Protein chains: 2
Amino acid sequence: MTTINQIAKMANVSRTTVSRALNNSGYVSEEARKRIMKAIEETGYVPSEHAKSLRTKRTKVIGVIVPTIRTETSGRIVSGMDEVLSKLGYQILLASTNLDKQKEMEYIHLLKVRQVDGIIFAATNGNEHLQELIQQLEIPIVVVGQEMDGVSMVLYDDYHAARDIVSLFIEKGHRNIGFIGVDESDRSVGYLRKQGYLDEMKHHNLPVEPEWIQKGIFDIESGYGAMERLLTTTRNNPTAVFAVTDRLALGACNYLKEKGYTIPGDIAISSIGGSEFTKHLSPPLTTVDYQNEKAGREAAKIILAKLSGETENKKITLDYRFLIRGSV
Amino acid sequence: MTTINQIAKMANVSRTTVSRALNNSGYVSEEARKRIMKAIEETGYVPSEHAKSLRTKRTKVIGVIVPTIRTETSGRIVSGMDEVLSKLGYQILLASTNLDKQKEMEYIHLLKVRQVDGIIFAATNGNEHLQELIQQLEIPIVVVGQEMDGVSMVLYDDYHAARDIVSLFIEKGHRNIGFIGVDESDRSVGYLRKQGYLDEMKHHNLPVEPEWIQKGIFDIESGYGAMERLLTTTRNNPTAVFAVTDRLALGACNYLKEKGYTIPGDIAISSIGGSEFTKHLSPPLTTVDYQNEKAGREAAKIILAKLSGETENKKITLDYRFLIRGSV
DNA sequence: AAGTGTTGTGGAATCGATTACTTATACTTA
DNA sequence: TAAGTATAAGTAATCGATTCCACAACACTT
């Protein structure tokens with residue numbers, strides 16, 4: 001590896017001058033600059049980022065923590081971030097927690113050690129230790145899709161999206177409307193979306209039977225199970241079901257098809273997620289597209305703003321697109 | 001930020017001793033060790049990775065270059081890598097080219113500057129400049145899903161997977177079999193899969209009309225277009241079609257459904273990819289699952305082996321699972 | 001002729017670690 | 001008892017950059 005000292009020697013100047021030439025700081029004569037450039041050209045020299053970081057305390061790396069990178073949602077978020085960050089020479093150090101709450105905290109620690117310039121946190125969590133940890137972090141941080149005190153956030157409008165969906169069902173004449181959710185410790189997906197459902201039902205004076213509310217985890221199988229429970233534990237079956245994620249909805253659809261129910265004839269279904277696959281199901285799934293790329297882009301922009309001195313915490317709530325398709 | 005010097009002062013030893021205690025190298029008395037640990041505890045000190053890297057030339061970071069992180073395939077590959085790497089304290093520095101061949105080379109450069117310990121390259125390319133660049137790289141490198149001279153590779157068995165698919169069609173009685181491919185500059189997806197198709201056809205003495213071979217790019221829309229051309233440019237229509245990716249197949253299916261063809265009644269269809277969504281189409285798509293996570297894991301293992309001294313280049317060809325479902 | 005400003009350059013400290021080398025004990029062992 | 005060795009800890013060089021400060025040389029003012 002070529003170092004700045006070798007370049008200095010080749011160009012017959014001190015390494016100070018080389019550094020100045022490289023960073024366009026201070027005075028460097030045309031001749032010296034030319035000799036330096038020639039030496040750099042010949043050797044293919046590139047300055048060591050580590051030495052630089054050690055001195056300047058900036059790494060041009062942003063740490064990104066996601067629950068998993070196997071899903072389309074995470075992929076789209078990260079993709080959006082990368083779009084903005086790479087343009088300014090920042091790179092992404094990826095950490096995937098695989099839904100392990102313990103790891104979320106470990107990774108924050110790890111990223112701090114790596115001295116990333118900022119952290120974007122896109123993993124769901126209810127852990128209050130994490131809150132604490134994040135608060136005392138002296139690195140800029142942005143949280144995506146989750147409310148948290150004292151940090152910048154990019155939020156989806158979970159509550160209103162949920163109400164919109166239920167409202168659509170009601171408009172179409174449904175009165176018995178079921179709900180497939182996840183644990184409420186997940187504030188966004190679990191709590192807010194459920195609250196939207198409940199409030200919209202109440203707003204129309206529609207009753208909600210306890211059996212209409214089922215819970216799954218984040219996978220397709222549990223959507224299947226939830227729909228099964230939904231249709232076997234009460235005589236008073238719902239004619240429409242709102243699932244909080246596309247995957248849950250997919251599982252639910254699978255159950256319906258298997259048992260010979262028609263969609264939306266017997267049961268209408270809709271969810272939140274906007275995954276690409278929803279378009280190609282039969283019938284195509286009605287879903288809310290959160291525009292995850294945009295969330296990623298916005299989060300990246302906030303981090304960049306913080307890095308250039310902005311101190312105020314921002315809170316952005318993104319709009320969404322309601323994709324009404326054949327399943328309702 | 002606490003540094004090793006502060007810890008040394010607090011524990012009343014030299015920073016050398018602190019370093020030794022931290023790295024379990026050389027002798028440190030029990031008492032000294034205790035005092036050091038106490039100081040670390042109190043301050044929450046973590047050694048700076050940059051200072052470390054500067055001295056040791058190891059960063060514990062692996063650079064990963066992918067064509068895009070929006071797709072399931074990439075997500076699964078990266079996820080598999082992360083699984084193996086994070087266990088040993090390595091992290092992933094992600095670079096996504098967005099299918100821009102120029103960027104592939106830029107990123108290799110960028111990762112080199114960041115002094116990553118190794119690079120995993122999972123982006124398709126036909127560029128010979130890249131070949132050169134990779135060859136002169138003194139960092140360990142592993143290429144996934146693409147043949148290249150002089151480097152370690154993790155390959156999918158594109159050729160045989162393609163033959164298996166065609167063979168299945170023939171077994172089911174099809175004789176007119178169409179093909180939706182991509183540009184052959186992509187050796188794996190473009191060339192090898194096509195070659196498998198052609199060879200299996202020849203092996204059974206089946207003719208291949210030029211119109212049966214259509215080309216798309218990597219998205220759903222072009223699959224739609226390819227299928228359209230396939231059925232409108234010749235009177236001698238195929239009764240089965242092999243698409244080289246799941247997305248192309250999906251586009252093709254969309255066209256068929258739109259025009260009222262039945263699958264597999266009028267036209268059988270199968271592809272390579274094993275994406276999760278294929279299971280939920282109607283009919284479910286017959287596809288070859290490449291087990292991308294495994295590819296990621298294997299690539300990670302090879303990099304790790306290289307980092308611990310292994311010099312020989314490895315070439316692994318992964319097996320695949322043929323998921324035969326309703327579309328054939 | 002003295003003072004001031006601009007341009008160009010280099011010396012040396014610094015960032016936070018690791019590590020080769022040295023020194024100082026205490027304990028074996030021939 | 002002298003030599004050898006295991007244990008413990010410190011000194012100082014080093015990694016590859018940035019940056020503060022000092023110093024020249026020269027051109028202008030006044």
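The structure displayed is predicted, hence computed values, not measured ones.
- Within the 4.5 Å cutoff, the side chain of Leu318(A) has no heavy atoms near those of the Gln291(A) side chain.
- Relative ring orientation between Tyr156(B) and Tyr290(B) is described as parallel, the plane-to-plane angle staying below 30° on a 0-90° scale split at 30° and 60°.
- Across the protein-nucleic acid pair, Met1(B) atom CE and dC15(C) atom C1' stand 14 Å apart, rounded to whole Å.
- For Ser48(A), the listed nucleotide lying nearest its side chain is dG16(D); candidates were dG16(D), dT18(C), dA12(D).
- Evaluation of atom-type donor-acceptor distances gives no pair under 3.5 Å for the side chain of Arg55(A) against the base of dT19(D).
- Panel note: side chain Asn23(B), backbone Ser25(B); no donor-acceptor pair is recorded below 3.5 Å.
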For a quick test of your reading: what N or O donor-acceptor pairs under 3.5 Å do the side chains of residues 111-120 of chain A make, sequence neighbours left out?
| unit_1 | atom_1 | unit_2 | atom_2 | d |
| --- | --- | --- | --- | --- |
| Arg114(A) | NE | Gln91(B) | OE1 | 2.9 |
| Arg114(A) | NH1 | Thr59(B) | O | 2.8 |
| Arg114(A) | NH2 | Lys60(B) | O | 3.0 |
| Asp117(A) | OD1 | Thr59(A) | N | 2.9 |
| Asp117(A) | OD1 | Thr59(A) | OG1 | 3.1 |
| Asp117(A) | OD2 | Thr59(A) | N | 3.2 |
| Asp117(A) | OD2 | Lys60(A) | N | 2.7 |

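- Rounded to 10°, the helix from dA1(C)-dT30(D) to dA30(C)-dT1(D) has 50° between the axis fitted to its first five pairs and the one fitted to its last five.
- For dA17(C), the OP1/OP2 oxygens have no side-chain nitrogen or oxygen of Asn5(B) closer than 4.0 Å.
- In this structure, Arg15(A) atom CZ and dG10(C) atom P are separated by 12 Å, rounded to whole Å.
- Between Glu298(A) and Lys314(A) there is no salt bridge, since no side-chain N of the basic residue sits under 4.0 Å from a carboxylate O of the acidic one.
- Within the 4.0 Å cut-off from OP1 or OP2 of dA9(D), at least one side-chain nitrogen or oxygen of Ser29(B) is found.
- In this structure, Glu30(A) places its CD atom 13 Å from P of dT7(C), rounding to the nearest Å.
- Which of dT18(C), dC15(C), dA17(D) sits closest to the side chain of Lys52(A) comes down to dA17(D).
- Contact annotation: Ser19(A) does not reach the phosphate of dA17(D) (side-chain N/O to OP1 or OP2, under 4.0 Å).
- No hydrogens or angles were tested; on distance alone, nothing pairs the side chain of Arg20(B) with the base of dA8(D) as donor and acceptor under 3.5 Å.
- In this entry the distance linking NZ of Lys60(B) with P of dT18(C) reads 13 Å, nearest Å.
- For Arg114(B) and dG16(D), the CZ to P distance is 18 Å, given to the nearest whole Å.
- Leu22(B) places its CG atom 9 Å from the P atom of dA17(C), with the value rounded to the nearest Å.
- For Ser25(A) and Asn12(B), each mapped to the nucleotide of DNA chain D holding its nearest heavy atom, the one lying further toward the 5' end belongs to Asn12(B).
- When each of Val13(B) and Gln115(B) is assigned the nucleotide of DNA chain D bearing its nearest heavy atom, the one mapping closer to the 5' terminus is Val13(B).
- The main-chain N or O of Ser185(B) is found under 3.5 Å from a side-chain atom of Asp183(B) such that the two form a donor-acceptor pair.
- Among dC15(D), dC15(C), dT18(D), the nucleotide with an atom closest to any side-chain atom of Leu54(B) is dC15(D).
- In terms of modelled atom types and a separation under 3.5 Å, the side chain of Ser74(B) and the main chain of Arg70(B) share no donor-acceptor contact.
- Taking only side-chain nitrogens and oxygens, Tyr27(A) never comes nearer than 4.0 Å to OP1 or OP2 of dG8(C).
- Remark: P of dA17(C) and CD1 of Ile7(B) are 9 Å apart, rounded to the nearest angstrom.
- Counting distance only, with no hydrogens placed and no angle test, the side-chain atoms of Thr16(B) and the base atoms of dT11(D) include a donor-acceptor pair under 3.5 Å.
- Thr56(B) comes within contact range of the sugar-phosphate backbone alone, with a heavy-atom separation under 4.0 Å but no base atom that close.
- Counting to the nearest Å, the C1' atom of dA17(D) and the NE2 atom of His50(B) are 13 Å from each other.
- A salt bridge links Glu42(B) to Lys38(B): one of the charged nitrogens lies within less than 4.0 Å of a carboxylate oxygen.
- Between Ser14(A) and dG10(C) there is a side-chain polar atom (N or O) within less than 4.0 angstrom of OP1 or OP2.
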